[in-house]
Engineer: 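Before I ask anything, let me first share the structure, which is written out below as structure tokens.
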Amino acid sequence: MTKEIYDYEVRCMTCHKKFKTQLFESHEKNLWLVDKKDWYCETCKTEYFEKQTSKLAKSHAKIGFPALIGTPKRVSWAEKIRAELINKVSFLKKSLVFNDDKEKKISDLAFNLFLQEWQKKIEAKWWIDNRKITVRDISDRIKKLAGSLD
Ligand SMILES: [Zn+2]
């Protein structure tokens, strides 16, 4: 079965300019999409991603994470990954229970050392390559760091 491809004219939600887009569903479904979906032209899309990226970069700078190096597209993606991974660290930290103050102190130090390692990763590529890091991976590394402190 071959699918027909139609060009549809849609209007950008941000700048209200009309632009053409290709849709791949049935003509009826396409008309519904043209009407119901929020459309954004390429220029506004790029602007939106740049804004999102700089917002993330700013909040990361506050917690000691430097600006990333790479093409704008990569940096934009890497900032999102970095935000998710930092969230995983916070999640892990919150989930820990300690027997005593000494244990907590060592753990806090290990978390700091761990974050310092990440703060040195300034290539967008590193974050993209490591986007699959799990809470378990983070936990293993922090345990190792804590072990070296004990
Ligand atoms: Zn627009």
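Indexing begins at 1, ligand by ligand and atom by atom, following the structure's order.
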Engineer: Is there a salt bridge (charged side-chain N to carboxylate O under 4.0 Å, His left out) between Lys144 and Asp140 once you walk through the steps?
Structural biologist: CA-CA 6 Å; Lys144 217 178 221 176; Asp140 286 349; over 6 Å; no

Engineer: Got a donor-acceptor contact below 3.5 angstrom from the Trp127 side chain to the Leu85 backbone?
Structural biologist: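 No; judged by distance alone, with no hydrogens or angles, the pair does not exist.
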
Engineer: Which protein N, O or S atoms does the Zn ion (ligand 1) have within a distance shorter than 2.8 Å?
Structural biologist: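 Under 2.8 Å from the Zn ion (ligand 1) - ignoring waters, which are not counted - the protein N, O or S atoms are Cys12 SG, Cys15 SG, Cys41 SG, Cys44 SG.
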
Engineer: Is there a continuous path of hydrophobic side-chain contacts, each under 4.5 Å between heavy atoms, that joins Ile81 to Ile69?
Structural biologist: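 No, separate clusters.
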
Engineer: Is a side-chain donor or acceptor of Arg11 paired with a backbone partner of His16 at a separation under 3.5 angstrom?
Structural biologist: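 Between the backbone of His16 and the side chain of Arg11 there is a qualifying donor-acceptor contact (under 3.5 Å).
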
Engineer: Look at the side chain of Ser139 and the backbone N and O of Val135, then say whether any donor-acceptor pair between them is shorter than 3.5 Å.
Structural biologist: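 Checked: no pair found.
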
Engineer: Using a 3.5 Å distance criterion without hydrogens, assess whether the side chain of Asp35 forms a donor-acceptor pair with backbone atoms of Leu31.
Structural biologist: no

